[in-house]
Amino acid sequence: MTALNQDQLSARAREILTGNDRGGYTVPNGRVYPFQWNWDSAFVALGFATFDLDRAWREVETLFEAQWPGGFVPHIVFWKDDPGYFPGPDVWASGRTPPTSGITQPPVAASVVRALWEADESAAFRPRLEALFPKLLAWHRWFHEVRDPLRTGVVVATHPWETGRDNSAEWDAPASAVDVSNVGEYQRRDTSHLDQSMRPTKLDYDRYLALVQFGRATGWDHRRIGQTNPFRVADVGMTMILLRANRDLLVLAQALGRTAEAAEIAGWLSLADKAGDYLWDEALGAYSSRDIITGRSCGALTSASFLNFYGGVGRPDRDRAMLAHAERIAGQVGRLMPSLDPADPRFEPLRYWRGPVWAVVNYLIGTGFALAGHADWAERVRRDTGELIAATGFHEAYNPLNSAPSGGDDFSWTAAIWLHWAGR
Ligand code: DGY
């Protein structure tokens with residue numbers, strides 16, 4: 001790609017968003033991911049907000065049209081069928097209209113809605129906030145009631161796909177308990193669009209499928225899945241994201257004068273320190289996800305480990321340890337933040353969540369650094385993200401060592417993060 005200047009890159013980013021717009025929702029990438037994805041849509045709304053605020057609200061509203069009665073919001077909404085993706089709606093068999101998957105994804109939506117609201121608090125948008133607020137609250141309540149069985153303030157993921165970091169090294173040990181002997185034959189579609197070396201392995205996919213089959217066999221009974229699923233891991237990423245989302249939802253509750261709801265959210269937030277303690281791995285000297293079945297830490301320092309700042313979970317000694325890790329890693333890569341510590345023997349710079357840099361995670365990390373008063377680190381992560389995009393375009397992810405692209409191109413959330421943050 002010939003080098004584009006800042007304005008040309010922004011124009012290209014807007015083109016990607018409008019090109020991936022399917023009318024009320026945006027696909028992450030037309031070939032590889034041809035449906036509406038939950039947290040992708042939330043980030044996409046931030047991008048639209050820079051040039052079409054009405055369309056930005058619509059993106060989140062469309063996602064919540066697929067919310068289930070108990071508050072659960074699915075990770076994929078299959079508004080239209082598309083043979084280019086596996087597993088499609090018939091594999092999930094959620095029995096819902098529109099068809100959806102049966103698992104959820106990191107709850108960034110409330111934080112995004114706060115940003116949309118603060119971009120324009122006029123009467124034109126207030127009814128939209130009033131309509132979305134109870135839906136966001138119901139989803140957060142679902143997390144606290146169904147996905148925090150130990151009442152430690154964490155989010156327990158029941159599928160690696162829920163975390164968004166599908167093949168992170170964090171899931172290797174917990175997912176080894178998943179029985180894959182009855183998965184049967186299936187045809188992956190991701191590897192017909194993308195190089196295999198950038199994707200999860202066959203063993204990873206067998207486990208993903210076995211977990212879908214387990215959930216489906218319960219009729220997607222989330223309470224039962226929460227108690228009996230063979231994979232139950234307190235995810236540091238989802239936990240920190242929900243903490244931040246609760247802080248933002250509290251601001252929205254106050255803006256709407258919802259006192260009882262504000263008290264309920266404040267109650268959830270009072271568990272923040274407990275969650276931080278539960279996810280701190282003393283041997284690793286870092287935050288890490290933890291298998292709640294075995295009680296063992298996943299023992300991996302990933303980009304999600306740095307979301308403690310974003311979640312507002314802090315203890316001076318632990319903050320110092322995380323900053324020292326950032327310093328060390330910055331000395332080992334060309335651009336931050338690799339999805340796995342390069343010192344980890346499982347590090348692979350091009351394979352999906354085992355090394356590549358993801359613009360959306362950088363945005364969360366950078367925002368967290370800024371909120372915690374580490375402006376220099378916030379700027380470093382923002383600058384690295386902008387440079388990665390400027391070098392080769394709006395890809396799914398990037399090799400942290402040499403900035404080469406990884407995964408799909410013309411990626412909606414990368415375009416959105418450029419417009420909202422990295423390209424400013
Ligand atoms: C995939 O299919 O790779 C997605 O990440 C699942 O959500």
Side-chain angles (χ1 to χ4, degrees), residues 20 25-44 63 66 72-79 81-92 94 99-109 155 157-171 175 178 183 186-216 220 231 233 235 237-238 241 302-304 339 348 350-356 358-361 395-397 406-414:
N20 287 341
Y25 73 95
T26 307
V27 296
N29 162 294
R31 283 179 311 124
V32 193
Y33 306 104
F35 308 108
Q36 182 173 29
W37 258 262
N38 183 323
W39 73 326
D40 289 74
S41 264
F43 289 115
V44 154
L63 174 66
F72 164 87
V73 184
H75 102 297
I76 306 177
V77 189
F78 301 101
W79 291 108
D81 207 357
D82 190 307
Y85 181 81
F86 176 85
D90 45 335
V91 179
W92 290 97
S94 67
T100 72
S101 69
I103 58 171
T104 193
Q105 245 182 352
V108 282
V155 173
T158 59
H159 196 297
W161 282 340
E162 285 199 322
T163 70
R165 306 187 312 285
D166 303 7
N167 66 335
S168 172
E170 294 157 283
W171 322 136
V178 177
V183 167
Y186 61 94
Q187 176 82 46
R188 280 173 72 168
R189 297 307 318 269
D190 59 318
T191 42
S192 48
H193 304 297
L194 297 170
D195 196 306
Q196 268 195 34
S197 63
M198 297 177 180
R199 295 293 302 174
T201 63
K202 156 95 172 109
L203 177 59
D204 290 328
Y205 256 79
D206 283 354
R207 290 168 174 171
Y208 301 158
L209 263 289
L211 288 169
V212 171
Q213 290 165 359
F214 183 91
R216 190 178 62 197
W220 296 111
F231 179 94
V233 180
D235 171 24
M238 295 178 90
I241 286 169
T302 70
S303 47
S339 43
E348 291 182 75
L350 273 180
R351 197 184 292 282
Y352 215 39
W353 290 92
R354 296 177 93 91
W358 293 72
V360 288
V361 180
H395 297 281
E396 186 169 7
S406 171
D409 59 0
D410 289 354
F411 230 81
S412 298
W413 71 8
T414 310

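Note that the numbering runs from 1 along the sequence shown for the chain. Just so we're clear, the structure is a prediction, and the values are computed from it rather than from any experiment. For ligands, and for the atoms within them, numbers begin at 1 and follow the listed sequence.
In this structure, F214 and H159 have side chains that are not in contact, with every pair of non-hydrogen atoms separated by 4.5 Å or more. Contact check for W37 versus N29: no side-chain heavy atoms found under the 4.5 Å cut-off.
Residues Y208 and D166 have side chains that never bring a donor and an acceptor to within less than 3.5 angstrom of each other.
Distances between N or O atoms of W161 and those of ligand 1 include no value under 3.5 Å.
Considering each of Y85, F35, Y352, the one bringing a non-hydrogen atom nearest atom 6 (C) of ligand 1 is Y85.
Using a 4.0 angstrom heavy-atom cutoff, Y33 counts as in contact with ligand 1.
Under the 6.0 Å distance and 45° angle rule, R188 does not count as a cation-pi partner of F86.
Regarding atom 3 (O) of ligand 1, its nearest protein heavy-atom neighbour is R199 NH2, 2.9 Å. At the shortest separation from atom 7 (O) of ligand 1 among protein heavy atoms lies H75 NE2, 2.8 Å. Nearest protein heavy-atom neighbour of atom 5 (O) of ligand 1: D166 OD2, 2.6 Å.
Here the rule is salt bridge (Lys or Arg N to Asp or Glu O under 4.0 Å) with D190, and of K202, R31, R199 only R199 fits it.
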